[in-house]
*Asks:* 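First the structure, which I've put down as structure tokens, then a few questions once you've had a look.
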Amino acid sequence: MDELVITGGNRLGGEVRISGAKNSALPILASTILGGGECVITNVPRVVDVLTMGKLLGMLGVSVSHEGNRAVMRADVIHSTEAPYDLVKTMRASVLALGPLVARWGEAKVSLPGGCAIGSRPVNLHLAGLAKLGADISIEHGYITAKAKRLKGARIYCDTPTVTGTENLMMAASLAEGTTVLENAAKEPEIVDLADFLTKRGARIVGAGTDVITIEGVRELQGADHEVIPDRIEAGTYLAAAAMTKGDVTITHCRPAHMEAVLMKLREAGADVQVEKDRVRLTVPGKLKGTDMRTLPFPGFPTDMQAQMVAVMTLAEGTSVVTETVFESRFMHVEELRRMGADIRVEGNRLVVTGRKNLTGAPVMASDLRASAGLIVAGLAAEGVTEVQRVYHLDRGYERIEEKLRALGAVVERRKTAIAPKAR
Ligand code: UD1
């Protein structure tokens with residue numbers, strides 16, 4: 001089990017290239033199940049979750065060749081329609097295989113993901129939507145089974161906008177007979193990216209990126225080439241690290257339009273943020289100032305940036321109130337940040353963060369992907385050494401993080417420890 005050892009205190013400086021979005025690559029790779037023909041996907045980040053998706057697709061019979069950031073996929077035939085527990089428990093996004101499998105191959109058996117470190121994350125809306133499309137759904141022995149001869153288009157209203165739920169239903173509806181209307185759909189850029197890819201393959205989708213998506217089902221999809229959009233959360237994480245260390249960092253190959261809420265909050269916190277077409281430069285001319293934040297579905301402030309911004313707030317003058325509205329119990333980083341000297345009070349789904357003059361390095365334990373990112377951001381600015389343990393969480397979603405941080409002047413080492421990682 002690896003840990004990252006950070007000696008804090010260096011101001012970050014220079015340029016960092018943003019990788020492809022993990023949360024876009026995952027549904028796009030899963031969607032290759034939907035049709036035959038060659039799909040060439042580029043800007044695919046080499047992170048553990050993406051490799052896990054490749055492994056799952058390979059087990060199903062999809063031919064997968066993933067070299068560097070390019071994946072070549074073919075799903076002309078499928079050998080299995082089952083996503084087993086051992087894989088799903090390491091990556092909830094395996095549930096993205098459900099919609100495509102039942103739509104194209106008439107059946108799917110996918111392990112229920114179970115609990116995770118950021119609280120209860122049900123998939124009831126995925127299942128209710130598939131049932132509306134005519135799938136026969138049952139849950140037995142920890143597995144979801146979905147069966148349908150051919151799905152039929154329907155009007156589906158989601159009680160709450162769900163990102164992977166919208167993706168699952170959009171994929172399934174692409175091959176359904178007739179028209180599907182998804183109401184109160186999630187609007188994240190990753191959904192638009194998936195819709196763009198499916199459209200290149202012959203799907204008929206209108207409205208992705210708004211809360212009403214209309215999909216006219218087609219008989220089959222073909223192969224297509226596609227470049228994954230940049231990772232807005234990775235981008236935001238490097239900007240948070242730059243703000244926290246009062247550095248001068250330019251992120252490149254990013255899409256500033258996908259990051260408006262984060263850029264606005266960084267400005268409110270005292271950063272100078274200069275935006276160009278696909279680059280953002282961040283400096284901090286004066287003091288960091290506390291600012292209130294509320295996580296929301298896109299285009300609101302992303303829950304996946306909450307931990308990193310909380311880290312920044314621990315050194316910002318004044319008090320910041322951070323409200324988490326997307327996931328319950330997404331405050332696992334708080335106790336660890338406190339061990340570094342942060343002043344944070346938890347009040348229900350709110351954090352009250354009072355800025356301090358400094359943090360001090362400590363051994364800390366990562367509990368989920370973004371909590372780990374928050375601890376890294378804190379460690380970069382803390383006095384002395386911070387050891388972030390259980391770094392496998394971070395490896396699920398950040399490509400070459402220590403290399404990228406080192407190039408910005410951070411002192412970061414990866415240390416191998418003997419104990420095997422525990423599953424999430
Ligand atoms: C996706 C992202 C994750 C991000 C999250 C919110 C991927 C692979 N992961 O996760 O990084 O943190 O969006 O932006 O893209 N809900 C239900 N029933 C459902 C589904 C969801 O009640 O069937 C609730 C969830 O508990 C949560 C909210 O809806 O409160 C939003 O979750 P959702 O958008 O589904 O998150 P994921 O798609 O799992």
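Excluded from the calculations below are hydrogen atoms, water molecules and symmetry mates; all remaining heavy atoms, backbone and side chain alike, are included. Read the numbers this way: they start at 1 and go in the same order the structure lists the ligands and their atoms.
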*Asks:* Determine all donor-acceptor pairs shorter than 3.5 Å in which one atom belongs to a side chain in residues 258-268; sequence neighbours excluded.
*Replies:*
| from | atom 1 | to | atom 2 | distance (Å) |
| --- | --- | --- | --- | --- |
| Lys265 | NZ | Glu268 | OE1 | 3.1 |
| Lys265 | NZ | Glu268 | OE2 | 3.4 |
| Lys265 | NZ | Asp292 | O | 2.7 |
| Arg267 | NH2 | Val273 | O | 3.1 |
| Glu268 | OE1 | Thr291 | OG1 | 2.6 |

*Asks:* Considering only heavy atoms, does Met91 approach ligand 1 within less than 4.0 Å through its side chain, its backbone, both, or neither?
*Replies:* neither
*Asks:* Does Gln306 come within less than 4.0 angstrom of ligand 1, counting non-hydrogen atoms of the residue?
*Replies:* no
*Asks:* Under 3.5 Å, which donor-acceptor pairs link side chains of residues 29-40 to any protein atom two or more places apart or in another chain?
*Replies:*
| from | atom 1 | to | atom 2 | distance (Å) |
| --- | --- | --- | --- | --- |
| Ser31 | OG | Ile28 | O | 2.7 |
| Thr32 | OG1 | Leu29 | O | 2.6 |

*Asks:* We want to know whether Arg17 and Tyr238 form a side-chain donor-acceptor pair, criterion being a heavy-atom distance below 3.5 angstrom.
*Replies:* no
*Asks:* Mark up the atoms of ligand 1 that fall under 4.0 Å of a heavy atom belonging to Thr164, in ascending order.
*Replies:* 7 (C), 8 (C), 15 (O), 37 (P), 38 (O), 39 (O)
*Asks:* Going by distance only, is there an N or O of Glu188 that falls short of 3.5 Å from an N or O of ligand 1?
*Replies:* no
*Asks:* Is there a polar contact between ligand 1 and Phe327, counting only N or O atoms under 3.5 Å apart?
*Replies:* no
*Asks:* Any non-hydrogen atom of Pro122 lying under 4.0 Å from ligand 1?
*Replies:* yes
*Asks:* Would you kindly say whether Thr250 and Glu15 are connected by a side-chain donor-acceptor distance under 3.5 Å?
*Replies:* no
*Asks:* With respect to Val412, which candidate in Ile6, Thr386, Ile376 satisfies the side chain to side chain contact (heavy atoms under 4.5 Å, CB included) definition?
*Replies:* Ile6
*Asks:* Is the closest N or O pair between Lys22 and ligand 1 shorter than 3.5 Å?
*Replies:* no
*Asks:* Nearest heavy atom to atom 13 (O) of ligand 1 wins, so pick from Asn23, Leu127, Val163.
*Replies:* Val163
*Asks:* Indicate, as side chain, backbone, both or neither, the part of Asn124 found under 4.0 angstrom from ligand 1 when only non-hydrogen atoms are considered.
*Replies:* both
*Asks:* Taking atom types as modelled, is there a side-chain donor on Asn23 or Glu188 under 3.5 Å from an acceptor on the other?
*Replies:* no
*Asks:* Does Leu26 reach ligand 1 with a nitrogen or oxygen that is under 3.5 Å from one of the ligand's nitrogen or oxygen atoms?
*Replies:* no
*Asks:* Any donor-acceptor pair under 3.5 Å linking the side-chain atoms of Thr81 with those of Glu107?
*Replies:* yes
*Asks:* Just let me know how Thr160 lines up against ligand 1, side chain, backbone, both or neither, with a heavy-atom cut-off below 4.0 Å.
*Replies:* side chain
*Asks:* Check each heavy atom of His126 against ligand 1 and say whether those closer than 4.0 Å belong to the side chain, the backbone, both or neither.
*Replies:* both
*Asks:* For atom 31 (C) of ligand 1, which candidate among Pro161, Gly165, Ser24 holds the nearest heavy atom?
*Replies:* Pro161
*Asks:* Answer yes if the side chains of Thr314 and Arg356 hold a donor-acceptor pair under 3.5 Å, and no otherwise.
*Replies:* no
*Asks:* Go through ligand 1 atom by atom and flag the ones less than 4.0 Å from a non-hydrogen atom of Arg330.
*Replies:* 12 (O)
*Asks:* For Thr303, which part has a heavy atom under 4.0 Å from ligand 1: side chain, backbone, both, or neither?
*Replies:* side chain
*Asks:* Does the cation-pi check pass for Lys187 over Phe298, that is, NZ or CZ under 6.0 Å from the six-membered ring centre and within 45° of its axis?
*Replies:* no
*Asks:* Give a yes/no on ligand 1: does Glu190 have at least one heavy atom closer than 4.0 angstrom to it?
*Replies:* no
*Asks:* Would you kindly say whether Asn168 and His126 are connected by a side-chain donor-acceptor distance under 3.5 Å?
*Replies:* yes
